[in-house]
J.: 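Below you will find the structure I want to go over with you.
Hydrogens, waters and symmetry mates play no part in the numbers below; they use all other heavy atoms, side chains included. Every chain is numbered from 1 and lettered A, B, ... according to where its sequence line falls, protein lines coming before strand lines. Here the structure is a predicted model, which means the values were calculated and not measured.
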There are 4 protein chains.
Amino acid sequence: MLIDSTYPKSFASDNHAGVHPDILAAMAAANDGDAPAYGGDRWTAAFEEGIKEVFGPNAEGFAVLNGAGANMVGLALMLGRYDAILCADSAHIATHEAGAAERLLGVKLMTIPTAQGKLQPDDIKARLGGIGNHHESQPAVVSISQCTELGTTYSAEEIAVLAETAHEAGLRLHVDGARLANAAAFLGCDLKAITTDVGVDVFSFGCTKNGALAAEAVVVLDSELAQAVPFLRRQSLQLASKMRFISAQLSALLTDDLWRQNADQANRMATRLANGLEGIAGVSLAYPVQSNAVFAALPPTVAATLLQRYLFHYWDEATGVVRWMTAFDTTPEHVDDFLDDIRKAAM
Amino acid sequence: MLIDSTYPKSFASDNHAGVHPDILAAMAAANDGDAPAYGGDRWTAAFEEGIKEVFGPNAEGFAVLNGAGANMVGLALMLGRYDAILCADSAHIATHEAGAAERLLGVKLMTIPTAQGKLQPDDIKARLGGIGNHHESQPAVVSISQCTELGTTYSAEEIAVLAETAHEAGLRLHVDGARLANAAAFLGCDLKAITTDVGVDVFSFGCTKNGALAAEAVVVLDSELAQAVPFLRRQSLQLASKMRFISAQLSALLTDDLWRQNADQANRMATRLANGLEGIAGVSLAYPVQSNAVFAALPPTVAATLLQRYLFHYWDEATGVVRWMTAFDTTPEHVDDFLDDIRKAAM
Amino acid sequence: MLIDSTYPKSFASDNHAGVHPDILAAMAAANDGDAPAYGGDRWTAAFEEGIKEVFGPNAEGFAVLNGAGANMVGLALMLGRYDAILCADSAHIATHEAGAAERLLGVKLMTIPTAQGKLQPDDIKARLGGIGNHHESQPAVVSISQCTELGTTYSAEEIAVLAETAHEAGLRLHVDGARLANAAAFLGCDLKAITTDVGVDVFSFGCTKNGALAAEAVVVLDSELAQAVPFLRRQSLQLASKMRFISAQLSALLTDDLWRQNADQANRMATRLANGLEGIAGVSLAYPVQSNAVFAALPPTVAATLLQRYLFHYWDEATGVVRWMTAFDTTPEHVDDFLDDIRKAAM
Amino acid sequence: MLIDSTYPKSFASDNHAGVHPDILAAMAAANDGDAPAYGGDRWTAAFEEGIKEVFGPNAEGFAVLNGAGANMVGLALMLGRYDAILCADSAHIATHEAGAAERLLGVKLMTIPTAQGKLQPDDIKARLGGIGNHHESQPAVVSISQCTELGTTYSAEEIAVLAETAHEAGLRLHVDGARLANAAAFLGCDLKAITTDVGVDVFSFGCTKNGALAAEAVVVLDSELAQAVPFLRRQSLQLASKMRFISAQLSALLTDDLWRQNADQANRMATRLANGLEGIAGVSLAYPVQSNAVFAALPPTVAATLLQRYLFHYWDEATGVVRWMTAFDTTPEHVDDFLDDIRKAAM
């Protein structure tokens with residue numbers, strides 16, 4: 001991997017972006033004398049209050065250190081020793097968390113092929129046959145990604161139906177919301193409308209990809225489940241000792257809807273990029289653009305040319321599909337320069 | 001727990017201190033455009049190089065997010081499914097990591113009573129009887145804390161003998177170095193003298209308590225073991241996506257021996273506090289002061305009075321022993337004010 | 001489930017059969033005074049010697065209590081904390097061991113769709129792309145079932161190619177040999193020809209379904225791996241205290257090729273059943289009959305009629321496929337009676 | 001270990017004894033045609049009914065394969081991911097199950113020193129301080145051994161007080177009843193009086209050491225907890241496919257109080273042995289004899305002489321304490337011969 005900073009704007013990952021200046025400033029402001037450790041500080045209290053304001057009075061927020069951590073702590077709340085998670089086969093927990101679900105939770109992932117990364121209610125219903133059979137792992141949680149790994153977004157209605165389907169079968173609904181802000185920005189709704197209001201039980205609220213340094217939240221909408229979080233967070237290596245600096249990041253994103261401003265910018269730049277691809281010979285979109293991700297099929301020579309200057313990843317080398325991510329700090333100039341280079345490479 | 005910032009300097013924990021300004025500045029400086037995620041950046045390369053400079057060319061450093069994480073990743077390298085760790089019964093991994101060793105590693109902790117938190121070679125030898133017996137967990141790692149949980153410090157010679165004892169029996173030596181800097185500062189040696197040079201296999205190098213925001217290192221002195229770290233770190237939820245901000249903290253502490261400057265200050269303030277206790281009626285030291293911790297036995301009424309103004313913890317309520325910690329930002333005035341209050345309370 | 005013994009011969013499972021009289025007699029003969037526990041007895045020594053005679057001098061056999069236990073102990077030998085198993089999506093370890101692989105081993109199962117339950121070399125090659133990527137579980141073992149869950153059998157050549165493919169990629173080959181005897185009987189070869197001779201690293205040798213009471217063996221062909229078995233077997237709850245009675249069962253099956261006699265009988269009865277189905281309207285074989293399993297597609301009304309008298313299971317209710325198993329004690333009369341009833345039901 | 005049958009009666013372990021003839025006969029009788037697998041058979045139904053007769057209508061019994069399996073399945077019912085078990089430091093689960101509790105359950109064992117293997121109510125109370133502290137494993141279960149590993153026996157009253165103490169603190173009481181029959185025989189009470197009637201929540205009912213071949217029961221006195229057993233038993237590798245042969249053993253022991261007859265015989269022989277030691281120079285009892293175990297301190301030369309002819313184990317080589325176990329088939333002649341040899345060796 002490159003360790004040289006002379007390349008242009010990266011389209012490889014929203015994790016390649018830095019930290020939004022307001023968030024860095026909030027961290028510096030929290031460096032104000034002593035404070036109790038492990039969450040007993042006023043910045044954490046403010047964050048917890050902020051979560052209730054955004055997600056409703058029953059929402060309890062817990063700051064953690066990264067996205068896989070948020071998923072593992074949140075899922076652990078709802079899973080016993082012989083349980084299974086139903087999720088898309090593209091789910092981050094299934095593909096890119098290094099087997100954490102299997103090792104740390106000890107559960108089976110029942111992975112489901114999908115058209116565009118989105119589970120359907122029938123996908124759930126079709127996998128309930130083993131319930132009660134002691135030879136089989138017992139489905140206990142449906143986990144969806146919002147946005148999905150393919151950049152698509154569930155509507156509020158779609159989530160509501162999944163929640164209802166899960167709950168009717170005695171399962172819980174978990175959302176890996178690593179890009180929850182991008183989903184709300186795309187849908188033009190608030191964060192509560194796609195979580196609390198539609199029956200989600202536990203979700204991750206991702207902030208690092210949206211301008212934070214290293215901060216995510218586990219949000220729990222069931223107060224009984226929430227009681228276990230402090231213990232599971234500590235044991236899962238997700239508790240910061242100087243917690244105030246994590247909480248300050250989260251609060252900064254919740255302040256004046258910075259989360260939306262950042263996500264909107266990233267989404268708009270992805271749309272600008274997607275729109276700009278129209279008419280470029282040999283280049284086509286692989287999935288609808290509904291967030292800050294653009295999946296495009298390119299001729300191999302085009303990809304090879306671009307990879308000489310830009311950082312990005314093949315999603316599927318067999319089909320020539322690459323993934324381009326935008327971030328809160330991607331500008332129209334970044335996109336237009338990139339489009340110029342794509343056009344040149346495609347000529 | 002208090003969430004009010006109006007109390008005086010906390011003596012409860014070095015985690016109550018904020019972040020050293022040089023470290024915050026280094027983090028801000030790392031916010032410089034895009035950078036590859038997950039460690040493929042130039043700040044991480046610099047940190048890795050810094051580790052080799054400090055601990056020798058065979059040392060491989062891996063940045064992680066917190067102390068329990070550093071311990072779990074480091075220990076996992078050396079432990080199979082039926083193995084056991086020998087450690088003091090006061091070890092942090094045994095008492096205050098919420099059972100992470102048992103759940104995440106799945107191994108037994110064979111805990112050993114100690115006089116002042118320090119394991120002796122005979123403690124190891126006495127617990128090797130079950131080796132080869134398939135009914136018993138197999139000792140594979142000796143883990144010591146430097147400094148210990150009781151504020152005492154192993155000399156380089158003591159560690160060398162423990163390493164030799166462990167190695168002769170086919171075990172590895174791990175050091176939970178959450179306060180490794182305080183130990184080196186106390187001993188007046190460099191960090192390498194109590195790790196690489198005396199046979200340690202894997203250790204945690206703690207930075208958060210010594211002025212960082214949230215950053216620790218796992219250092220591995222065996223290149224074969226080191227190969228597993230990236231996978232275990234990712235799976236153990238200890239990999240930061242925007243890694244450059246973690247690495248920058250660690251490098252800042254390694255630059256111009258800031259680690260020693262911070263640890264020296266903390267240690268000196270602990271000594272000043274301990275010295276100031278002499279002659280205060282009813283107050284006595286419980287353990288020798290060899291780092292930034294002062295364990296003192298107090299009459300309950302004295303403790304109660306002090307707890308109205310100060311944050312600190314009882315270590316053992318039955319014996320009236322409290323723990324007072326100093327930090328990199330503790331000043332002589334903080335200590336002297338506290339001593340004044342102790343004297344008044346003890347009158 | 002029925003608990004009444006008045007039904008005819010069960011075609012539901014080879015586990016519905018009782019114990020072969022020679023095996024019960026061997027158990028009774030082992031009830032001869034005192035014997036050391038946990039495997040230090042002469043019956044166990046004889047079994048271990050028997051394994052070497054059958055599988056070669058490098059084969060080390062370990063008696064365990066059931067098939068899932070044999071799989072978990074054998075697989076644990078070859079899997080680290082972040083590893084994955086490649087297996088067919090129909091594999092018993094993936095579908096019917098209640099998530100033991102995920103909970104007890106903590107590893108990911110990368111399940112692969114197959115035509116007839118059999119993995120192909122390209123299935124392995126296609127799943128090696130994530131090796132070295134710290135975000136992904138690392139493939140370490142290929143596990144195949146012999147016979148497969150669909151009653152098909154790998155030839156010696158097919159296994160040899162799978163072993164070569166696995167080894168070239170640095171993976172090990174494991175065989176869940178719950179019906180290894182049926183495979184050897186079908187192929188007309190000895191047991192060594194489809195294990196030791198073709199590169200298998202570790203396998204389960206199933207005996208319970210083939211006439212034993214409760215006894216299976218883990219056989220390890222690498223003496224370094226074998227050293228861990230006693231510890232993993234004990235920890236995995238698979239060590240019998242009065243081991244002689246387990247070992248005696250295994251030795252009885254190895255004596256005078258009782259394993260082959262039993263498997264041959266079961267296989268012949270499955271073939272007789274399959275042959276008898278020819279010409280029955282609406283009834284067709286779903287998979288080739290290569291062991292003691294017959295998978296047949298039936299009209300639902302036929303299945304329903306038969307299920308009033310006989311115990312057997314639907315394999316796939318959607319396609320009307322049922323599974324019929326024969327056992328060492330199935331007789332031509334059992335089969336012919338059953339065929340009569342099938343014909344009547346199908347009229 | 002010896003694999004030669006020419007030694008006299010073993011005093012090493014009640015696992016060295018064979019199988020009681022009535023139990024072998026019951027197994028042979030169960031070999032009666034086909035039967036549903038995995039517990040759907042009439043022998044298992046009879047066993048389940050037998051458990052209710054002996055332990056009361058709320059008791060649900062589940063047959064498993066060995067003692068460690070019974071403990072792990074029973075304990076798993078009551079333990080979440082961050083919980084701890086309080087037990088004596090001599091507990092079998094802590095010392096001789098190869099770390100199964102840590103690996104399979106993922107929990108911490110808080111081990112407690114005891115005088116004679118028996119926990120006291122104050123031992124529980126003294127370890128509740130960390131409840132609610134997210135840095136510490138949370139005590140959830142008290143586990144006692146009946147009889148203890150030192151051969152001592154809790155009275156019904158002692159268990160009642162422990163249960164009350166545990167329940168008041170929100171913990172459950174588990175009994176590792178590997179030798180529950182010996183305890184009831186020693187106390188002269190029925191099995192219910194020291195389990196159901198005194199507040200035990202879940203217990204193991206050991207049968208293998210008391211004349212069975214390989215069969216133990218997990219008994220659950222709370223119907224909600226019991227629902228999880230089938231899944232945990234299957235996943236924990238403790239479900240026999242041909243279950244009828246396990247259930248038949250358990251039922252045979254419950255029939256006509258064979259369990260008591262066997263335990264009484266073993267206990268009487270231990271008492272005979274202990275009584276016979278009186279007056280032998282240099283030989284003294286280390287613990288009161290309250291079951292089928294005799295712990296005696298011997299001069300090393302005496303032990304060495306005896307070990308040339310007899311199988312038994314040192315319990316503590318430092319203090320010269322050996323453990324002698326009797327079994328259901330130990331006879332007065334066995335004991336008297338042994339005593340003769342002890343006397344000769346001690347001369």
J.: Using modelled atom types only, decide if a donor and an acceptor are shared between the side chain of A:Asn15 and the backbone of B:Ala37 within a distance under 3.5 Å.
T.: no
J.: Considering only heavy atoms, which portion of B:Ala35 lies under 4.5 Å from any heavy atom of chain A: side chain, backbone, both, or neither?
T.: both
J.: Which pair of heavy atoms, one from B:Phe245 and one from A:Gly18, lies closest together, and at what distance?
T.: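 Looks like CZ-CA, 4.3 Å.
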J.: Which bit of A:Ala212 comes within less than 4.5 Å of chain B, counting heavy atoms only: side chain, backbone, both or neither?
T.: backbone
J.: Who wins among B:Gly69, B:Ala68, B:Ala100, B:Ala17 for the most heavy-atom pairs under 4.5 Å with chain A?
T.: B:Ala17
J.: What's the verdict on side-chain contact (heavy atoms from CB on, under 4.5 Å) for B:Arg103 and A:Leu232, showing C-alpha distance, side-chain angles and the deciding distance?
T.: CA-CA 11 Å; B:Arg103 182 157 84 95; A:Leu232 285 168; 4.0 Å; yes
J.: Under a 4.5 Å cutoff for heavy-atom pairs, which residue among B:Leu104, B:Thr44, B:Leu65 has the most contacts with chain A?
T.: B:Leu104
J.: With a strict 4.5 Å heavy-atom criterion, list every residue of residues 233-242 of chain A that contacts chain B, or say none.
T.: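 The residues closer than 4.5 Å to chain B, in numerical order, are A:Arg234, A:Gln235, A:Ser236, A:Leu237, A:Gln238, A:Leu239, A:Ser241, A:Lys242.
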J.: If contact means a heavy atom pair closer than 4.5 Å, which residues of residues 22-30 of chain A contact chain B?
T.: A:Leu24, A:Met27, A:Ala28
J.: Using side-chain contact (heavy atoms from CB on, under 4.5 Å) as the criterion, list what pairs up with A:Glu49, not counting sequence neighbours.
T.: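 Here the qualifying residues are A:Lys52, A:Glu53.
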J.: Is any residue of residues 324-335 of chain B within less than 4.5 Å of chain A by heavy atoms, and which ones?
T.: B:Asp329
J.: Do you know which of B:Ala214, B:Ser13, B:Gly99 has the most heavy-atom pairs with chain A at a distance under 4.5 angstrom?
T.: B:Gly99
